[in-house]
Each structure stands twice: as structure tokens, then as C-alpha cells.
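Notes to accompany the following structure.
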Amino acid sequence: MCGRYETPEDKRILAERFSTRATLQDFQLGRINECSPGSVQPVVLLNDEGEREIVAMRWGFTLPDRSLFLARSEGAATSPFWKEMIIERRCIVPATAFFEWQNTKSGPKPKYKLGLSGRDLFGMAGIWASWKNPKTLELEPTFAILTGEANGAMRQIHDRQPAVLDPGDYEEWLAQDDRPPLHLLRILPDEHLTITRLDPVEAIRAEPLKQDEPPPAQRGFLFG
DNA sequence: CCAGACGTTGTT
DNA sequence: GTCTGG
DNA sequence: CCAGACGTTGTT
DNA sequence: GTCTGG
């Protein structure tokens with residue numbers, strides 16, 4: 001669940017919309033695209049000076065046999081693995097939508113795009129840490145997205161969903177505190193979700209781009 | 001079945 | 001089936 | 001998360 | 001998320 005999400009094509013608007021000083025001019029984070037685990041994405045946090053900043057982070061903590069890119073909000077505060085992160089390193093993951101695949105008994109899994117009514121851009125609750133990139137063996141800032149129980153129409157598709165923050169809660173979520181503000185991780189009201197079932201063509205179009213692959217808008221042009 | 005771990009570096 | 005790449 | 005590959009020798 | 005141990 002929430003194994004993929006979407007970011008704005010123009011990353012520069014993130015600085016404005018999340019009230020950060022950074023202009024993101026240094027980001028080379030691709031075009032309109034799905035974000036997949038393992039990719040590097042813009043994340044909002046408080047820097048050492050207490051200012052909001054946008055940082056490029058890798059999505060998912062790679063372990064020897066798997067990658068942890070989601071963390072259950074219910075258990076994160078007591079989990080040995082997540083505890084330190086949720087207390088000391090909370091962040092916001094900007095998104096315009098997230099994707100889910102319906103768990104069907106057999107056959108293809110229908111793909112859905114989920115957005116928030118009246119909010120073209122929103123922030124998912126995240127946590128981060130410095131983590132070794134298994135390929136480069138370098139330490140990199142790395143994040144995971146907190147999840148909660150799904151409800152209502154969402155439950156028809158999947159039983160979990162990403163924790164979406166209220167814009168008025170961004171400050172409290174990022175602020176350093178003795179105890180993590182878990183009360184901000186409310187279940188996303190069902191009526192606020194826009195759920196679109198993607199037809200196979202749309203689903204493929206939304207797939208993550210391969211390196212050096214032209215953006216979707218040019219595919220049709222190149223191939224007539 | 002559930003609970004708990006889940007990797008490394010390097011040090012508040 | 002499992003692993004890797006996106 | 002899904003989609004796609006999934007090996008080796010050795011050079012037309 | 002997924003695996004292991006109890």
C-alpha cells in the first residue's frame with residue numbers, strides 16, 4: 001500500500017507551498033512521474049538551524065533481503081527500528097496523489113490513483129535517517145512513509161493508507177519535541193479522497209520512467 | 001498464532 | 001519461484 | 001509498489 | 001512490509 005506516489009512535475013513549487021527557503025534549483029529529480037521505492041525524492045524537514053528545508057532523500061531502508069519504505073504509525077513509536085526516527089527525525093513527503101493496487105484473489109490487480117479533494121498538493125507524514133546505500137555504500141538521507149488504517153471506500157481497495165497531514169499541522173509535526181505528535185496522524189476522512197480506477201493504458205503511462213527515457217508526452221510524438 | 005526484529009557507523 | 005530496477 | 005529478468009562462454 | 005522465534 002502506498003508503494004508509489006506522485007510528485008509535482010515542477011518541483012520548484014514545493015518551496016513555495018511548503019514554506020521552505022530552498023528554491024530546489026539543485027534538484028534533478030525528474031519530471032512528472034510516479035515515485036517508486038528506491039528513488040530519490042524531495043522531502044521537507046527542519047534543518048539544524050530550525051529552518052524548513054527541502055532535501056533529496058532516498059525512499060526506503062534497504063535491508064539484506066528487503067526494503068522498508070512504509071512504517072505502521074500504530075507501532076512506530078515502540079518499534080526498535082523506527083522509534084528513534086519518529087522521535088527525532090520527522091519529515092513531510094510532498095505528493096499530488098498516491099497509488100494502490102487492489103488485492104484481488106486472482107488475475108490482474110486493478111490500479112487506482114488516489115487524490116485529496118480540493119488539495120492538489122499534500123504532505124504525507126514521514127520519518128528519516130542516514131542509511132547506507134547498498135549500491136554506492138555511501139550514507140544517504142533515507143525516508144519512510146507512515147501509514148494508518150484505511151476506512152470507507154478506500155477499504156474496498158486496500159486496508160492501509162498513508163498518513164496525510166493537515167497543512168495546519170505541518171509545523172507541529174516537524175517541530176522537535178520530547179514526544180512525537182502522533183495525534184496528528186489521523187485517519188484520512190474517506191469523503192476527502194478522490195479515487196480513480198486507472199485503465200491499463202493510464203496505468204502504464206503512469207509507470208516510473210526508465211533512465212534517459214523521454215517523458216510520456218513525447219512517447220506518442222516519437223513513435224508517430 | 002502473535003511479537004519483535006529488521007543495518008551501519010560512530011558517538012549526546 | 002525470486003531478485004533487480006525503476 | 002510492480003514489471004521484468006532470470007546464464008555463460010567468448011566473439012559474425 | 002516480511003521473516004523468525006516462541
Side-chain angles (χ1 to χ4, degrees), chain A residues 1-7 9 28-42 48 56-89 93 95-104 106-115 124-150 154 157-163 176-178 195-216 219:
Chain A
M1 18 74 68
C2 193
R4 293 196 192 156
Y5 67 94
E6 185 185 67
T7 49
E9 180 174 12
Q28 303 289 330
L29 294 177
R31 308 155 290 248
I32 187 170
N33 193 6
E34 272 188 31
C35 308
S36 52
S39 65
V40 175
Q41 302 300 339
D48 291 339
M57 290 196 195
R58 192 166 297 276
W59 183 20
F61 298 84
T62 301
L63 274 54
D65 58 340
R66 75 211 106 125
S67 179
L68 304 178
F69 48 89
L70 301 170
R72 292 175 70 94
S73 59
E74 297 94 330
T78 53
S79 158
F81 191 81
W82 302 116
K83 184 178 180 180
E84 182 181 321
M85 290 187 222
I86 202 168
I87 292 172
E88 297 186 12
R89 288 183 301 278
V93 184
T96 53
F98 59 95
F99 299 91
E100 301 281 3
W101 284 261
Q102 192 163 29
N103 204 3
T104 51
S106 62
K109 298 179 179 179
K111 183 176 182 179
Y112 292 82
K113 180 175 183 175
L114 299 100
M124 300 184 289
I127 50 184
W128 69 279
S130 185
W131 197 256
K132 188 184 256 186
N133 179 326
K135 288 179 190 159
T136 66
L137 303 183
E138 299 289 324
L139 288 177
E140 295 181 348
T142 303
F143 72 98
I145 296 170
L146 291 165
T147 65
E149 228 176 73
M154 176 75 214
I157 302 168
H158 210 96
D159 60 346
R160 308 286 298 170
Q161 63 184 45
Q176 193 168 25
D177 199 343
D178 292 338
I195 304 178
T196 308
R197 180 171 170 146
L198 302 177
D199 66 44
V201 173
E202 288 176 307
I204 291 169
R205 188 187 137 84
E207 284 291 301
L209 297 173
K210 290 180 182 135
Q211 200 165 15
D212 301 327
E213 190 172 351
R219 287 180 187 170

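By convention in this document, chain letters (A, B, ...) are assigned in the order of the sequence lines, proteins followed by strands, and residues within each chain are numbered from 1.
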Worksheet entry | side-chain contact (heavy atoms from CB on, under 4.5 Å) against D177(A), all qualifying residues, sequence neighbours excluded | R90(A)

Fill in: Secondary structure string for DNA chain E (Watson-Crick or G-U under 3.5 angstrom, | for other-strand pairs)
||||||

Worksheet entry | dC3(C) versus dG7(D) - spacing of their C1' atoms, nearest Å | 14 Å

Worksheet item: Can you name the side chain to side chain donor-acceptor pair (under 3.5 Å) partners of T62(A), sequence neighbours left out?
Response: none

Strictly under 3.5 Å: I want the nitrogen or oxygen pairs between protein and nucleotides 2-6 of chain E, one per line.
residue : atom : partner : partner atom : Å
dT2(E)  : O2   : R66(A)  : NH1          : 3.4

Discussion item. Holding to side chain to side chain donor-acceptor pair (under 3.5 Å), I want the full list of residues that pass it with K111(A), two or more places apart in sequence or in another chain.
Written reply: E34(A), E207(A)

Worksheet item: Base, sugar-phosphate alone, or nothing: which one does S39(A) contact when heavy atoms must sit under 4.0 Å apart?
Response: nothing

Worksheet item: Does a side-chain N or O from K132(A) land closer than 4.0 Å to OP1 or OP2 of dT9(B), or not?
Response: yes

Practice prompt. Between dC1(D), dC6(B), dC2(D), spot the one nearest the side chain of K109(A), thanks.
Written response: dC2(D)

Worksheet item: Can you name the residues that form a side chain to side chain donor-acceptor pair (under 3.5 Å) with Y5(A), not counting sequence neighbours?
Response: none

Discussion item. So, using side-chain contact (heavy atoms from CB on, under 4.5 Å) as the criterion, who are the partners of E140(A) when residues are at least two apart?
Written reply: R58(A), N133(A), T136(A), T142(A)

Practice prompt. Could you list the residues that satisfy side-chain contact (heavy atoms from CB on, under 4.5 Å) with K132(A), not counting sequence neighbours?
Written response: L137(A), L139(A)

Worksheet, complete the sentence: By side chain to side chain donor-acceptor pair (under 3.5 Å), R72(A) pairs with (sequence neighbours left out) none

Response to the item:
Looking only at dG1(E), dC6(B), dA5(B), the nucleotide nearest the P80(A) side chain is dA5(B)

Item to complete: In whole angstrom, give me the gap between the P atoms of dT2(E) and dA3(D).
Response: 16 Å

